[in-house]
There are 2 protein chains.
Amino acid sequence: MDRTEKLVQALREAGLRLTPQRLAIVRLLATTDQHPTAQMIYEQLRPDYPSLSLATVYNTLETLVDLGVVNVLGSAGDDAVHYDADTDPHVNLACISCHRVIDLPSQYVHALEQEVATTSGYRLLGARVVYYGLCPDCQREAARQPAGGRRHRRRRRRRGEHHQTQSGSEE
Amino acid sequence: MDRTEKLVQALREAGLRLTPQRLAIVRLLATTDQHPTAQMIYEQLRPDYPSLSLATVYNTLETLVDLGVVNVLGSAGDDAVHYDADTDPHVNLACISCHRVIDLPSQYVHALEQEVATTSGYRLLGARVVYYGLCPDCQREAARQPAGGRRHRRRRRRRGEHHQTQSGSEE
DNA sequence: CTCTAAACTTGGAATGATTATAAACTAGAG
DNA sequence: CTCTAGTTTATAATCATTCCAAGTTTAGAG
């Protein structure tokens with residue numbers, strides 16, 4: 001909604017151009033709850049913007065991060081960086097199995113942010129409060145699988161793969 | 001101190017071998033407060049273990065992370081992942097200018113962790129509570145420099161560079 | 001409108017952190 | 001001491017991300 005507006009504002013105020021590509025990226029970021037990676041953004045937008053370049057996605061993300069309106073979350077067990085357009089203090093929960101990242105409201109993050117701001121002496125520019133573990137779904141999954149061995153090879157995600165919602169509406 | 005012991009224990013209990021390389025890495029992790037990257041560990045150990053391979057450092061770090069005794073912090077504005085052998089809930093502060101990462105005690109992280117554990121339904125495996133910004137030193141630095149322009153090119157860190165303690169003995 | 005400089009976008013090449021692989025080594029139980 | 005599965009190592013391979021050199025647009029002035 002107005003999160004889109006907020007991002008657009010930020011671009012305007014910085015004297016930057018509002019190109020169709022930027023607008024598309026901003027809209028996607030503002031309305032999704034998926035905490036997408038650059039690759040995910042690229043793939044979701046390509047149908048509508050066939051000429052879009054991955055480089056543009058990266059550029060735009062960098063710009064938005066520099067403007068302080070988008071947060072970098074780091075990876076969720078995959079090898080790509082996830083982004084979050086919600087810069088209000090909140091907790092992210094990343095599942096290291098399905099690589100999905102969700103938001104979690106918290107009454108303590110605000111206090112924590114306050115505390116850090118006042119006691120650190122740092123000029124704070126952003127935060128990354130991510131807890132990782134197994135989501136309920138993947139726990140069930142794991143319980144079913146008799147754990148084919150304790151040592152799991154790590155596999156890299158291929159350029160084309162998606163992290164996808166497994167079935168219905170969820171979040 | 002006994003943080004070294006804790007890590008060694010974890011390896012033992014998992015039935016893994018305690019090789020000289022692993023011991024060295026564990027000791028370094030347990031005693032430093034630098035939140036090093038794999039590269040940093042490699043370079044700090046190379047003098048004493050000339051045959052050490054970067055791959056071993058990565059392998060060992062992965063092992064320790066899997067065992068849950070080491071945390072992954074993500075990058076500090078550089079392009080490499082930082083690790084933290086302190087898995088007790090605490091806040092990390094990363095300076096995006098000098099790329100140093102420090103610890104910050106906090107009375108709220110505990111509450112936050114509790115909250116997440118009970119309300120999320122996730123099986124928590126670790127956390128990454130990192131605030132980033134400019135440390136006092138770099139703020140002064142920035143104030144001095146009349147900001148040569150708002151747009152700063154990003155530069156990649158070269159393989160050989162170090163993030164170093166500002167005054168201490170450098171290698 | 002029209003023009004223009006600066007700001008953007010783009011495809012492809014380049015970079016470099018991290019992984020995979022295969023061969024050589026060794027911790028540690030018997 | 002003897003084995004052998006677990007480890008290390010050097011090196012190649014992978015791939016997210018950045019860089020680059022053009023080609024395009026944007027937005028403001030005329």
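So you know, we letter chains A, B, ... as the sequences are listed, proteins then strands, and number each from 1. What you see is a predicted model; the values in this text were computed from it and never measured.
When the C1' atom of D:dT25 is taken as reference, atom CD of A:Gln21 falls 9 Å away, rounded to whole Å. Rounded to whole Å, atom C1' of D:dA16 lies 13 Å from atom CD of A:Glu43. Per the geometry, OH belonging to B:Tyr42 stands 14 Å off C1' belonging to C:dT18, to the nearest Å. Atom P of nucleotide C:dG28 and atom CZ of B:Arg12 are separated by 8 Å, given to the nearest angstrom. The separation between A:Asp66 atom CG and D:dT18 atom P is 11 Å, rounded to whole Å. The distance from atom CD of A:Glu62 to atom C1' of C:dA7 is 15 Å, rounded to the nearest whole Å. Rounded to an integer number of Å, the gap from CG of A:Leu45 to C1' of C:dT10 is 15 Å. When rounded to the nearest whole Å, the span between CG of B:Asn59 and C1' of C:dA20 equals 10 Å.
Atoms NE2 and CG, from B:His110 and A:Leu112 in turn, are 11.5 Å apart once rounded to the nearest 0.5 Å.
No hydrogens or angles were tested; on distance alone, a donor-acceptor pair under 3.5 Å links the side chain of B:Arg17 to the base of C:dT26.
Side-chain proximity of A:Pro20 to the nucleotides D:dT26, C:dT10, C:dC8 is greatest for D:dT26. Here the nucleotide nearest the side chain of A:Leu16, chosen from C:dC8, D:dT26, D:dT9, is C:dC8.
Legend: residues meeting side-chain contact (heavy atoms from CB on, under 4.5 Å) with A:Thr19, ordered by chain and number and at least two apart, are A:Arg17, A:Gln21, A:Arg22.
If B:Pro50 and A:Ala55 are placed on DNA chain D by their nearest nucleotide, the residue sitting closer to the 5' end is B:Pro50. Mapping B:Ala38 and B:Thr19 onto DNA chain C by nearest heavy atom places B:Ala38 at the nucleotide closer to the 5' end.
Contact check, B:Tyr58 against C:dT18: a side-chain N or O comes under 4.0 Å of OP1 or OP2. Side-chain N/O atoms of A:Ser53 include none lying less than 4.0 angstrom from OP1 or OP2 on C:dT9.
Heavy atoms of other residues, nucleotides or ligands lying less than 6.0 angstrom from OH of A:Tyr108 number 12 at most. Environment of OH in B:Tyr42: crowded, with over 12 heavy atoms of neighbouring residues, nucleotides or ligands closer than 6.0 Å.
Within the structure, side chain to side chain donor-acceptor pair (under 3.5 Å) contacts touching residues 47-56 of chain A (residues at least two apart or in different chains) do not occur.
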